[in-house]
2 protein chains.
Amino acid sequence: MVKRATIGDVAAHAGVSTATVSRVLNGGAVTEVTATKVWSAVTRLEYTPNALTRGVFAGRSSTIGVVIRDLASPFYFDLIRGIDEVAGAHGSLVMFSNTFRRVDSEVAQVRAMDEQRVRGLIVTTGEPSDERARRMAAGGTPCVVVARTVRNPPPGLHSVSLDNVAAGRLMAGHLAACGRTSVGVVIAGTRPSQRERTAGLRQALAEFGLPLPPDAVAVAPAEGEVSDAVGLLLARDKRLDAIVCTTGRLAVAVHAGLSDRGLSIPDDIAFLTMDDFPWAPALGITVVAQPAYEMGRRATELVVEAPGEAAELVFEPALIKRRSCGEA
Amino acid sequence: MVKRATIGDVAAHAGVSTATVSRVLNGGAVTEVTATKVWSAVTRLEYTPNALTRGVFAGRSSTIGVVIRDLASPFYFDLIRGIDEVAGAHGSLVMFSNTFRRVDSEVAQVRAMDEQRVRGLIVTTGEPSDERARRMAAGGTPCVVVARTVRNPPPGLHSVSLDNVAAGRLMAGHLAACGRTSVGVVIAGTRPSQRERTAGLRQALAEFGLPLPPDAVAVAPAEGEVSDAVGLLLARDKRLDAIVCTTGRLAVAVHAGLSDRGLSIPDDIAFLTMDDFPWAPALGITVVAQPAYEMGRRATELVVEAPGEAAELVFEPALIKRRSCGEA
DNA sequence: CTGAAAGCGCTAACAA
DNA sequence: TTGTTAGCGCTTTCAG
């Protein structure tokens, strides 16, 4: 096992001090001849600087931490692309971890990021991890919470989210415009985003004279529970003519639940989901999309630019009409 | 901006030495009373250990580096899930970066991972980055190349790949079984995986008496070029009755290229692609799948277990029959 | 069981 | 322009 060259080895080989090596590496004032000597030693020894040590000295690393709740969701996927792109443009690496939707894991991962002294943190986790994010923000590490807002955020703790009520209203409006009169909803749980979307939906539906009773909303935390949820909705109201899914993560499963029962879209039932995805055009599925990629970009810019005040960015959803809800 | 507590602060508050604090933090021999004093100081000061410094001392960090060529591919997506899962189980964070398919970026990212002194490295990059991977392996950092093999690998440089020839043969066999007689192929480029898949396809097709002339293979490096490639194939042979796509990344685009021309699948033309994806069942698309998730897991296990010899894992593809090729 | 002291690889004053 | 000298925060001998 070959030992790695240190800055000391380079210094020795070049016949200069470590300070001088550090200077040529980081662009200090040095003679051209010294620089040449040093660079040749660097090449000869295949010296690769140790970013860890640099980070120790600086008090923090140069990588950006990202804690994702569930990689499998199309929203997170585009979000990561956006994050990765601007991080790359700033020469920052991205360190990420996935919490598999477990709260204890969320807290642990955020803590791990803190231990790594990340330059900034982007999380899509729930409120339990906010405490640490606040501390980190107070300590000078910009944090961005994505997909929900933070109550009473201190300086340095930002949020990037969607106007979820508007998303719900958009869905309701389209369904009504397509002449649907009885809608069932599959939601993933009780996170704020889910509740707000449902609220917006109910609100706007009511304005069209269409009620959305509580039992027209079925909860399916995981894919495996979706089929039952769909079954429940269908059984409850024989005249159900629309199903909406408030999270892209479960869209495949909801769609499958409908197909498995021999229901044809949109003739037998309309299907509308959150979050656009690459195959949606091929399937003709109408969606309410979040600008996930742009949200990832903006979140990362907040980390990089580290504004003093707490920024609270809210993005607007967009209805992308395809065929799955029929036409008016 | 609140200053972070260091181990020295904790020591001072607990009335012990930094060595003792380090011992209680890392499980050395200490009295119960000292331990209690230290822990209470830790809590009071909200002390969070600095993983960077730890890494400096250990000579390496505890995070695993992953360099991905293109996040947008379904293969990489499942691969990452596998990586993330076993890394999580071992308490390692994952640091990843995306190279957007640019060779210079690949080399730079791998270098960055080296500078970070990652505990191990998993790359899906091309050969130019192998040189550094060899050096890293020689220095005791296990490296795993995914999606291709490495010629003459030194100890510590492993590979995890697919039997691409078998994948091509599988595709050919299915197409022949479905009675297709003239196939066109869309490939992404000239990487080994693409060439091997094409070779397997051609080979097996020939055994069925079906030739695959060079101009029945169209190259489309990016999504934007797919439609033209499909057009070319269609124009070349009016009797074309099957299109295969050798990479999941371009499947959406190929499928769209067919639909846009009003071609119905499988009646007008069969469609067969590499890499399974969540919506494939809904679309009835037949695929030859790679066990991407499992490959990610195994790659990470190689990093964690760091076998002395160079491991060369080859996985088998699987045909998942759906409706897009019609039946025999 | 505990503390003092040395040092991991690097950067940043401060002199020379 | 360069070298010397302190550290950064932590771990690890080595005495006691």
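- Between B/Lys37 atom NZ and C/dT2 atom C1' there is a gap of 10 Å when expressed in whole angstrom units.
- Checking side-chain atoms of A/Thr31 against main-chain N and O of A/Val33 turns up no donor-acceptor pair under 3.5 Å.
- Rounded to whole Å, atom C1' of D/dC10 lies 12 Å from atom CG of A/Leu52.
- Sequence order on DNA chain C of the closest nucleotides to B/Gly15 and A/Ala5 puts B/Gly15 first from the 5' end.
- With contacts defined as side-chain heavy-atom distances shorter than 4.5 Å, the pair B/Val94/A/Ser97 does not qualify.
- Using a 4.0 Å heavy-atom criterion, one finds that B/Ser22 contacts the bases of the nucleic acid, with or without backbone contacts as well.
- Using a 4.0 Å cut-off, no side-chain N or O of B/Arg54 falls inside it from OP1 or OP2 of D/dG9.
- Here the side chain of B/Ala19 is nearest to one of C/dT2, C/dT11, C/dA5, namely C/dA5.
- DNA chain D is contacted by both B/Thr20 and B/Val56; B/Val56 maps to the nucleotide lying nearer its 5′ end (nearest heavy atom per residue).
- In this structure, B/Thr31 reaches the C/dT2 phosphate: one of its side-chain N or O atoms is under 4.0 Å from OP1 or OP2.
- With hydrogens and angles ignored, the 3.5 Å screen pairs a side-chain donor or acceptor of B/Arg148 with a backbone N or O of B/Thr125.
- Proximity of residues 132-142 of chain B to DNA chain D (heavy atom under 4.0 angstrom from any strand atom) is not detected for any residue.
- Of the side-chain N and O atoms in B/Asn26, one or more sit less than 4.0 angstrom from OP1 or OP2 of D/dT11.
- The phosphate of D/dT4 (OP1 or OP2) has no side-chain N or O of A/Ser17 nearer than 4.0 angstrom.
- We find that CZ of A/Arg60 is positioned 14 Å from C1' of D/dC8, with the value rounded to whole Å.
- The backbone N or O of B/Ser22 sits less than 3.5 Å from a side-chain atom of B/Asn26, completing a donor-acceptor pair.
- Residues B/Thr48 and A/Arg132 bring a donor and an acceptor atom of their side chains to less than 3.5 Å of each other.
- Contact of the B/Ile64 side chain with the B/His90 side chain is not registered, since no non-hydrogen atoms from C-beta on lie closer than 4.5 Å.
- Atom-to-atom, CZ of B/Arg117 to C1' of C/dC10 comes out at 11 Å; the value is rounded to the nearest Å.
- When atom types are taken as modelled, the side chain of A/His158 and the backbone of A/Glu309 share a donor-acceptor pair closer than 3.5 angstrom.
- Taking the six-membered ring where the residue is Trp, B/Phe77 and A/Phe77 present perpendicular rings, their angle passing 60° and hence far from 30°.
- Comparing atom distances between the B/Thr34 side chain and each of C/dT2, D/dT1, C/dC10 picks out C/dT2 as nearest.
- Rounded to 10°, the angle separating the first-five-pair axis and the last-five-pair axis of the helix from C/dC1-D/dG16 to C/dA16-D/dT1 equals 40°.
- In this entry the distance linking CD1 of A/Ile7 with C1' of C/dT11 reads 8 Å, nearest Å.
- Protein atom CD of B/Glu32 is 14 Å distant from nucleotide atom C1' of C/dC1, rounded to whole Å.
- Nucleic acid contact for B/Val21: none, since no nucleic acid atom lies under 4.0 Å from a heavy atom of the residue.
- C/dC8 atom C1' lies 9 Å from atom CG of A/Asn50, rounded to whole Å.
- The side chain of B/Thr53 approaches D/dC10 more closely than any other nucleotide in the set D/dC10, C/dC10, D/dT2.
- A straight line from CG of A/Asp9 to C1' of C/dC8 spans 13 Å, rounded to a whole angstrom.
- Residues B/Thr20 and B/Ser17 bring a donor and an acceptor atom of their side chains to less than 3.5 Å of each other.
- Here the straight-line distance linking atom CE of B/Met113 with atom OG of B/Ser61 works out to 10.0 Å at 0.5 Å rounding.
- Minimum atom distance to the side chain of B/Arg23 is reached by C/dG3, of the listed C/dT11, D/dT11, C/dG3.
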